[in-house]
Each structure stands twice: as C-alpha cells, then as structure tokens.
Amino acid sequence: MKIGILGSGQLARMITIAAQPLNIATLSISSDPQDRGNGVTPHFIGSFHNEADREAFCTQVDLLTYETENIPLEIVEACRHNKLIKPSSDILRIAQDRLFEKEEFQNLAIPTTEFYPVSSLEEFAQALIKTGYPAILKTRRFGYDGKGQFIVRQPSEMAQAFESLKNSELILEAFVAFDKEVSLIAVRNSTETRFYRLVENIHQSGILRYSKITSDKADLQNQAERYAEHILKKYDYQGVLTIEFFVKENQLIANEMAPRVHNSGHWTFEGSYTSQFENHIRAILDLPLGSCEASHPYVAMFNFIGTLPEKAQLLKLENVSFHDYAKIPKTDRKLGHITLVENDKKQFEMKCLFLEKFIGFNKIY
Ligand code: AMP
C-alpha cells in the first residue's frame, strides 16, 4: 500500500513516520531533484502542474491525500480522475476559500465571525461601516500563518490595507475580542467518528506558538464536536478534520477549518494513544480508528519558528520529545517543535513557563 501525498512539508513528514509501523509507504511529488523535502518522505521527481508527471505519479500510488489546502483545486480535480483522493476535493474547495468556508459555517448553523466579501474600495468602506474597528481584511485564498491579512484599526489605515492586498479576492471580518482560541481535531472513517481533546492555541503575529490540551468543561467540547459532526456528515468525510474556534463568553465562534492534519494536533504524536497522523491514515484507508485519549493529563506542544535551538539544550528536560523538520531556516518558517507530557501539574506549569520564554513568546499580539 502506498499513499501519494500532495505537498512535502512537515505534515507529510509526520504522516510518513506514522505510516511506517503499519508498513504503509508514502510518496510525494517535487519538481526539484535537489529537493531535501522533509528528510523523510520519498519523492517522485516531477511537477504536479504537468499532466504527464501527474499521471505517472498517480500510477505509483494507491490513494491520494494532501497536507495543505493551498493546492490549486484544478490540480486536485485532475488527480481525482486518476486516483481516489481523501478527504474529498468537495471539502477542499470550501476550505481553501475563506468566503465559502464562512458561508458553509452559516449554512450548517455553526456560529462564525461577521464577514463581508470585498472586491472594491467602495465595498470595503461599506463593509467597514458594518464591522466597525478594528476589523481584519484577509485574502480569501492561499493565506496561512497570518499571511495575507491586515488589521484595520482606524479609518486612516483603510487605503493602505486595500492597496496591500488588492490583487487578491478579499474578505473583511469583524475583529473578535476572544477570551481564547481553541481547536478541535476530529477523525472519521466511513462509519466511525472520534475526537481529540480541545486544545488551547496561543498565536503571535498570526502564527501558532504553542498549544496545550485543555481541561475545558464538557460543554465547550460538546459544542465543538456537534459542529464538527455537521461538517463530517454533510461531506461523508474520511480523514482528519481540524476546526479552529474563538471562545467568547463560553461560546464557540468558528474561525476556519482545515481538511487535514494540523499543527495544533502535533501533540498527539507523543501525547495521545494514536496520533492524528496515524488516525488520518487509518481513516483514509477505512481501517478501524485508534483511541484519541490523551496519554497524560498535561500535554503541550511548542513550535520553533525561524531558528531551531540546540537539541541538547531541550532534550535534557525530562518528558520532552523533539521534532526537527529538516528545513532550511527562514524568518517565520516553522522548523520544528517539542512535545511535553506530564502527570504532575506543578512540573508541567514550571516547564511551560520555561518553554514559553525559551521560544521567545511575548504576550503582545
Ligand atoms: P487565521 O489565518 O484566520 O487563522 O488568522 C490567524 C490568527 O489571527 C488567528 O488565530 C487569530 O489569532 C487572529 N485572527 C484572525 N481572524 C481574527 C478575527 N476575526 N478576530 C480576531 N482575531 C483574529
């Protein structure tokens, strides 16, 4: 069994690592023979923009999945003619466009941020009257890690915001003064659905810095699971689905979804009985799903962004696992992460404080 992965970053890397004990191979596609890729996933050399390469790639694999929603839909559709793709391209079409995504949340009665499509300066001005300030202007497609976004704090910033993003289709969102951000990772095969614990996510400049599993009251977990089920059922979904929410006054407001494994689920590698990566593989192959229970009461994951620390510095901490994505360092690039698992609350809190400082997190957005 060989799974073709569209994309070859750290998510493909972790899918590949999780596939090995099951004796399932993976293959990604890259046009650069020198591509170091992620250091783990084997590469087919070719471009998925080229029909012959794409077909040759598809003949070498049994099934396709993807590690990013930022793949042009026409490429994914073209692959679909050659091989089954999971999760399906129907959900990908929705998830890769913030406007479709928010409309779909509304259709499914999932609360979401107030939003307006923006295609001209006039429309932008009208939308700002409705949202008030601050508001966030975002590109509808191909944004990630806070890229393609502009926070408009006052009317004088309107022209600059529009000028900087006007070459893309846009959406204006009201700014949510949230209490915190959480995400839910759900997994479904053709018959069964399971959920991981909600995690609290701490971002800075739009990039995820760290995640901690929450001991949130059952009502938030239940709300999140109910909303996820609406999506999973509608799309007859197979694979991992991530939904990111704002929490305000104990209510969830959906921000976005990703039809794939997600950074806020990296903790599951060491902090759960079955990782999101293994469960994604099980789900797309329609195998029985594994337990999503956390292995410890306290689990956190910290991202390394822009620079990777000396491994020895952190490995001397007990109960820490280190992942180095084998990437070339670059500003704002996710290069690796560590997972911390603890039974003891005090130990956990102490180490989290140390690790927050260590990754250079400061609490100003
Ligand atoms: P996104 O790419 O939409 O996930 O945005 C990245 C981060 O920016 C989020 O995780 C939030 O911290 C912040 N953000 C995005 N949209 C909003 C919003 N409408 N209100 C407040 N904060 C937001």
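Order of listing sets the numbers, starting from 1, for every ligand and every atom in it. Count residues from 1 along the sequence.
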Notebook entry, point to check: Under a 4.0 Å N-O cut-off, is there an ion pair linking Lys83 with Asp62?
Noted result: no
Check: Under 4.0 Å from any heavy atom of Asn255, which atoms of ligand 1 are there?
Finding: 1 (P), 3 (O), 4 (O)
Checklist line | Co-membership, hydrophobic cluster, residues Ile213 and Tyr273, 4.5 Å side-chain | finding: no
Check: What part of Ala177, side chain from CB on, backbone N/CA/C/O, both or neither, has a heavy atom under 4.0 Å from ligand 1?
Finding: neither
Checklist line | Side chains of Thr65 and His280, donor plus acceptor under 3.5 Å | finding: yes
Notebook entry, point to check: Can you find an N or O of Glu244 that's nearer than 3.5 Å to an N or O of ligand 1?
Noted result: no
Check: Is Val176 in polar range of ligand 1, meaning some N or O pair under 3.5 Å apart?
Finding: yes
Checklist line | Ligand-residue contact atoms, ligand 1 with His203, heavy atoms, under 4.0 Å | finding: 10 (O)
Notebook entry, point to check: About how many Å separate CE of Met301 and CZ of Phe269, when rounded to the nearest 0.5 Å?
Noted result: 13.5 Å
Next item on the list: Flag this pair as yes if the NZ/CZ of Arg13 is under 6.0 angstrom from the six-membered ring centre of Tyr325 and inside a 45 degree cone about the axis; otherwise no.
Entry: no
Next item on the list: Enter the distance from Tyr116:OH to Ile129:CD1 here, rounded to the nearest 0.5 Å.
Entry: 11.0 Å
Check: Taking all non-hydrogen atoms of both residues, which atom of Ile231 and which atom of Met257 are closest, and how far apart?
Finding: CD1-SD, 3.9 Å
Check: What are the atoms of ligand 1, with element, lying closer than 4.0 Å to any heavy atom of Glu181?
Finding: 9 (C), 10 (O), 11 (C), 12 (O)
Note to self: So for Gly206, does at least one of its heavy atoms come nearer than 4.0 angstrom to any atom of ligand 1?
What the structure shows: yes
Item checked: Atom pair CG (Leu184) and CD (Gln221), whose distance is rounded to the nearest 0.5 Å -> 6.0 Å
Check: Does Ala135 reach ligand 1, in the sense of a heavy atom lying below 4.0 Å from it?
Finding: no
Item checked: N or O contact, Phe246 vs ligand 1, cut-off under 3.5 Å -> no
Next item on the list: Mark up the atoms of ligand 1 that fall under 4.0 Å of a heavy atom belonging to Thr113, in ascending order.
Entry: 19 (N)
Margin query: Could you tell me if Lys2 and Gln60 have a donor-acceptor pair between their side chains, going purely by distance under 3.5 Å?
Written below: no
Margin query: Considering Ala174, Pro134, Gly143 one by one, which has a heavy atom nearer to atom 19 (N) of ligand 1 than any of the others?
Written below: Ala174
Checklist line | Any N or O of Glu173 closer than 3.5 Å to N or O of ligand 1 | finding: yes
Check: Which option out of Lys180, Gln149, Lys248, Glu101 puts a heavy atom nearest to atom 1 (P) of ligand 1?
Finding: Gln149
